[in-house]
Amino acid sequence: MQSGDKALAVSSPRLSREFYAPDAVEVAPRLLNKVLVHGEVAGRIIEVEAYMGPQDPASHAYGKMTQRNRAMFGPPGHLYVYFTYGMHWCINAVCGPEGFASAVLIRALEPLAGLERMWERRTRARKETDLCSGPAKLSQALGLEGSFDGADLVSADRGVTILDDGVPPPLRPATSGRIGVRAGKQYPWRWFVPGNPHLSRSR
DNA sequence: ACCGGGATGTTCT
DNA sequence: GAACATCCCGGTG
C-alpha cells in the first residue's frame, strides 16, 4: 500500500455470483460502499445507475442483442465495457436474470488504494476529486478498457473484482433520474452516497 | 461559480 | 448520417 492510500482490507471477500443474480434495480443500491479493484488500484463505489434490459429505452440492450451489448446478455457477475463519444470507456456489472441483460453502470468511486497509479493515468486531473468522479474518469483511473469486456468479477478474471470490506450501504441512499440519457429519464434509477465529494459533476 | 461548445470515432439506423 | 450511459477547456461574472 502506498502513502496516501486509505486502509483497504485486501483479504476481504469477493462478491458472490448470487449477489449479482437479482436484477440491476435490486443490485445497484446494494453495490454502494462496495470496493471495485483492478490489481493494486481500488476505489469505493459511491454512485451507480441501473439499466433494465431490452424493455428499457435508455439501455444499450434496448431491443435486441448486438455485437456491442453481448456481455449484458450473458451470466451475472461479469463486466460490460463500452466505448462512447469517440474517446471514453465506461464499465458495468452485469446482473440477472441471465438473458435479461440488466446491468449496473458504475458512475463514481472514492479513491482508496493505488492513488499514484491513478494520477499517472488521469493526466488531466488537478484535484483528488477529479480522479474518479465520473464513469469514464474511474475507468481510466483503474486502467479498464475494451479488453476487459466480459471479465468475470467473481473469479477476479483479468485482475478485476468487487470486494465487500464490511462497510454497509447507506441506510437511505439518495436517488435521482439517470444522467446523460434521453429516453427513460423518468425512472429513479440512480443511487449515490449523499454528500460524498467524489460524486460525478451534475449539470 | 456557471455555462457553452469542441473533441473524437464506434455503433446502429 | 445521426446519436452517443462524457470530459475538458476557455469564456464570463
Side-chain angles (χ1 to χ4, degrees), chain A residues 20 23-29 31-32 36 43 45-74 76 78-95 100-111 118-151 153 160 162 173-193 195-203:
Chain A
Y20 302 98
D23 66 47
V25 164
E26 286 195 39
V27 172
L31 275 175
L32 292 176
L36 177 64
I45 297 169
I46 59 163
E47 178 179 344
V48 294
E49 285 175 357
Y51 288 85
M52 287 293 278
Q55 328 296 326
D56 176 1
S59 174
H60 290 168
Y62 185 54
K64 62 182 197 306
M65 182 159 61
T66 63
Q67 183 166 10
R68 176 174 70 163
N69 67 25
R70 185 181 64 80
M72 296 180 82
F73 285 83
H78 291 246
L79 276 186
Y80 163 55
V81 184
Y82 69 91
F83 185 68
T84 192
Y85 289 102
M87 43 192 136
H88 300 302
W89 297 97
C90 300
I91 64 163
N92 294 247
V94 174
C95 297
F100 180 71
S102 78
V104 176
L105 173 68
I106 312 296
R107 286 197 56 89
L109 303 176
E110 177 178 334
M118 290 187 186
W119 282 108
E120 288 174 12
R121 290 169 171 148
R122 296 274 307 126
T123 57
R124 307 297 181 123
R126 312 184 67 130
K127 315 181 294 288
E128 193 170 308
T129 50
D130 295 331
L131 291 176
C132 295
S133 54
K137 295 179 189 176
L138 71 90
S139 298
Q140 185 174 45
L142 267 64
L144 299 173
E145 30 68 23
S147 68
F148 291 82
D149 188 40
L153 296 165
V160 191
I162 302 179
T175 66
S176 78
R178 293 172 291 183
I179 293 179
V181 299
R182 291 176 63 81
K185 274 179 140 42
Q186 67 270 33
Y187 301 105
W189 287 346
R190 170 175 175 256
W191 290 265
F192 56 100
V193 178
N196 191 295
H198 299 277
L199 292 171
S200 69
R201 292 282 262 130
S202 51
R203 345 179 165 189

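Proteins come first, then strands; the chains are lettered A, B, ... in the order of their sequence lines, and each starts at number 1.
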To the nearest Å, how far apart are A:N69 CG and B:dT13 P?
10 Å
What is the distance, rounded to the nearest whole Å, between atom CE of A:M65 and atom C1' of B:dC12?
16 Å
Residue mapping more 5' on DNA chain C - nearest nucleotide basis, A:R122 or A:V181
A:V181
If you pin A:R126 and A:A183 to their nearest nucleotides in DNA chain C, which one's is more 5'?
A:A183
From CZ of A:R68 across to P of B:dG9 the rounded distance in Å is 17 Å
Do NZ/NE/NH1/NH2 and the carboxylate oxygens of A:R201 and A:D130 come within less than 4.0 Å?
no
Paired with C:dA5 by Watson-Crick or G-U wobble geometry, both distances under 3.5 Å: which nucleotide is it?
none
What's the separation between atom CH2 in A:W189 and atom OG in A:S59, rounded to the nearest 0.5 Å?
9.5 Å
Ranking C:dA5, B:dA7, C:dC7 by distance to the side chain of A:A136, first place goes to C:dC7
Return no unless some side-chain N or O of A:H88 is found under 4.0 Å from OP1 or OP2 of C:dC7.
no
Watson-Crick or G-U counterpart of B:dT8, or none if no pair lies under 3.5 Å
none
Within a radius of less than 6.0 Å around OH of A:Y62, do more than 12 heavy atoms belonging to other residues, nucleotides or ligands occur?
no
Return yes if the base of B:dA7 and the side-chain atoms of A:Y85 contain a donor-acceptor N/O pair under 3.5 Å, otherwise no.
no
Which nucleotide in the set C:dA5, B:dC12, B:dT8 lies at the smallest distance from any side-chain heavy atom of A:T66?
B:dC12
Atom pair distance, as rounded to whole Å: NE2 in A:H60 and P in C:dC4:
9 Å
What about the rings of A:H60 and A:Y82, do their centers lie closer together than 6.0 Å?
yes
OP1 or OP2 of C:dC9 under 4.0 Å from side-chain N/O of A:R124
yes
Measuring from the side chain of A:F83 (C-beta onward, heavy atoms only), which nucleotide among B:dT10, B:dC12, C:dC4 has the closest atom?
B:dT10
Rounding to an integer number of Å, can you tell me how far A:Y51 OH sits from C:dC4 P?
12 Å
In A:V193, A:L138, A:I106, the residue satisfying side chain to side chain contact (heavy atoms under 4.5 Å, CB included) with A:I45 is A:I106
Among the nucleotides B:dC12, C:dC8, C:dA5, which one has an atom lying closest to any side-chain atom of A:K137?
C:dC8
Measuring from the side chain of A:M87 (C-beta onward, heavy atoms only), which nucleotide among C:dA5, B:dT8, C:dT6 has the closest atom?
B:dT8
Presence of A:R182 side-chain N/O under 4.0 Å of C:dC4 phosphate oxygens OP1/OP2:
yes
Measure CG/A:D130 against C1'/C:dT6 and give the value in whole Å, please.
14 Å
Can you find a side-chain donor-acceptor pair between A:R121 and A:Q140 that sits under 3.5 Å?
no
Euclidean distance, atom CD of residue A:Q140 to atom P of C:dT6 [Å, nearest integer]:
15 Å
Tell me: OH of A:Y187 to C1' of C:dA5, nearest whole Å?
16 Å
Output yes when at least one side-chain N/O atom of A:K64 is less than 4.0 Å from OP1 or OP2 of B:dT13, else no.
yes
Are A:R201 and C:dC8 close enough that a side-chain N or O sits under 4.0 Å from OP1 or OP2?
no
